Amino acid sequence: MAPPPTPALTTDIIIELSDRPGRPIVLIERRNPPHGLAFPGGFVDLGETLEQAAVREAREETGLVVELVALLGVYSDPARDPRSHTCSVVYVARASGTPTAEDDAKAVHVVDPAAPPGRLVFDHEQILLDYLSYRETGARPAPRQ
């Protein structure tokens, strides 16, 4: 019997730059549709763990070597990605250094998380709100139904 069709598995990474005052975060400007600002991230490859995928995607898109510090949550709204149904596991990570736009990133932005320079694509606006709450309280968001 063929396996049932399932959503694609992705990971997104909120990268805090620990070597800068205020711990700004890294956003990418997407090279491919949908265009706009987003957290670094992408699809999990066969044979790798979610954590390996998160570290790989961060390095591929920003040039940064990250240390994962927390699991923020899982985001699975079928409408979160206009291209197809995806489920994303979102990590908070820290890094130091200067990010560079690589791979799928057209540009990188180092920003105050409370003041992004524009609207974020996918469901990254909600993820950012959840992250800001986590950063303030230390509590992860409750699962959505």
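Just so it is clear, the values below take in all heavy atoms, side chains as well, and ignore hydrogens, waters and symmetry mates. Note that the structure is predicted; figures quoted are calculated from it, not measured.
The hydrophobic clustering, which links ILVMFWY residues whose side-chain heavy atoms are closer than 4.5 Å, places Leu72 and Val66 apart. Cluster annotation: Ile28 and Leu128 are assigned to distinct hydrophobic clusters (Ile/Leu/Val/Met/Phe/Trp/Tyr, side-chain heavy-atom contacts under 4.5 Å, transitive). Phe39 and Val26 sit in two unconnected hydrophobic clusters of ILVMFWY residues. Membership requires side-chain heavy atoms under 4.5 Å apart, directly or through other members. If you chain together hydrophobic residues whose side chains sit under 4.5 Å apart, Leu129 and Ile25 never meet in one group.
Although no hydrogens or angles enter the test, the distance criterion places a donor-acceptor pair under 3.5 Å between the side chain of Arg140 and the main chain of Leu71. A donor-acceptor pair is defined here as one N or O able to donate and one able to accept, closer than 3.5 Å; no such pair exists between the side chain of Glu136 and the backbone of Ser133. Judged purely by atom type and a 3.5 angstrom limit, Ser18 uses its side chain to pair as donor or acceptor with the backbone of Ala95. A distance-only check finds no donor-acceptor pair linking the side chain of Arg59 to the backbone of Gly63 [under 3.5 Å].
Side-chain contact between Tyr134 and Val92 is present, with heavy atoms from C-beta onward closer than 4.5 Å. Between Glu16 and Arg135 there is a side-chain heavy-atom pair separated by less than 4.5 Å. Annotation: side chain of Leu17 is in contact with side chain of Val110 (closest heavy-atom distance under 4.5 Å). Pro82 is listed as a side-chain neighbour of Phe122, based on a closest heavy-atom distance under 4.5 Å. By the 4.5 Å heavy-atom criterion applied to side chains, Pro24 and Asp112 are not counted as neighbours. Val74 is not listed as a side-chain neighbour of Val90, based on a closest heavy-atom distance of 4.5 Å or more. Within the 4.5 Å cutoff, side-chain heavy atoms of Pro78 are placed close to those of His85. Counting heavy atoms from C-beta outward, Leu68 and Val55 have side chains that approach closer than 4.5 Å.
The CG atom of Asp104 sits 7.0 Å away from atom CD of Glu57, with the distance rounded to the nearest 0.5 Å. Atom CG in Asp81 sits 11.0 Å away from atom SG in Cys87 (nearest 0.5 Å). The OG1 atom of Thr49 sits 10.0 Å away from atom CZ of Arg56, with the distance rounded to the nearest 0.5 Å. Annotation: the span from Asp123 atom CG to Arg144 atom CZ amounts to 8.5 Å, rounded to 0.5 Å.
Within 6.0 Å of CZ on Arg119 lie no more than 12 heavy atoms contributed by other residues, nucleotides or ligands.
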In sequence, state the C-alpha distance, the side-chain angles, and the governing distance for Ile127 and Ile14, and then conclude on side chain to side chain contact (heavy atoms under 4.5 Å, CB included). CA-CA 9 Å; Ile127 294 170; Ile14 301 169; 3.9 Å; yes
The test is side chain to side chain contact (heavy atoms under 4.5 Å, CB included); show your working for Leu50 and Leu9 and say whether it passes. CA-CA 9 Å; Leu50 286 160; Leu9 185 58; 3.8 Å; yes
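With salt bridges taken as basic N to acidic carboxylate O contacts below 4.0 Å, one links Glu67 and Arg94. The existence of a salt bridge linking Asp103 and Arg31 is excluded, since no basic side-chain nitrogen approaches an acidic carboxylate oxygen closer than 4.0 Å.
Closest of all the heavy-atom pairs between Arg30 and Pro33 is NH2-O, 3.0 Å. The two atoms that bring Ala93 and Ile13 nearest to each other are CB-CG2, 3.6 Å, heavy atoms only. When all heavy atoms are compared, the tightest approach of Leu64 to Pro99 is CD1-CB, 3.8 Å. Contact record, Val108 with Glu61: CG1-O, 4.1 Å, taken as the closest heavy-atom pair. A pairwise comparison of heavy atoms in Tyr91 and Glu51 identifies OH-OE2, 3.1 Å as the closest pair. Taking every heavy atom of both residues into account, Leu27 and Pro116 meet most closely at CD1-CB, 4.2 Å.
Residue Tyr75 is tested with Thr10, Thr86, Asp130, Asp12 for a side-chain hydrogen bond (donor to acceptor under 3.5 Å, both in side chains); the sole match is Asp130.
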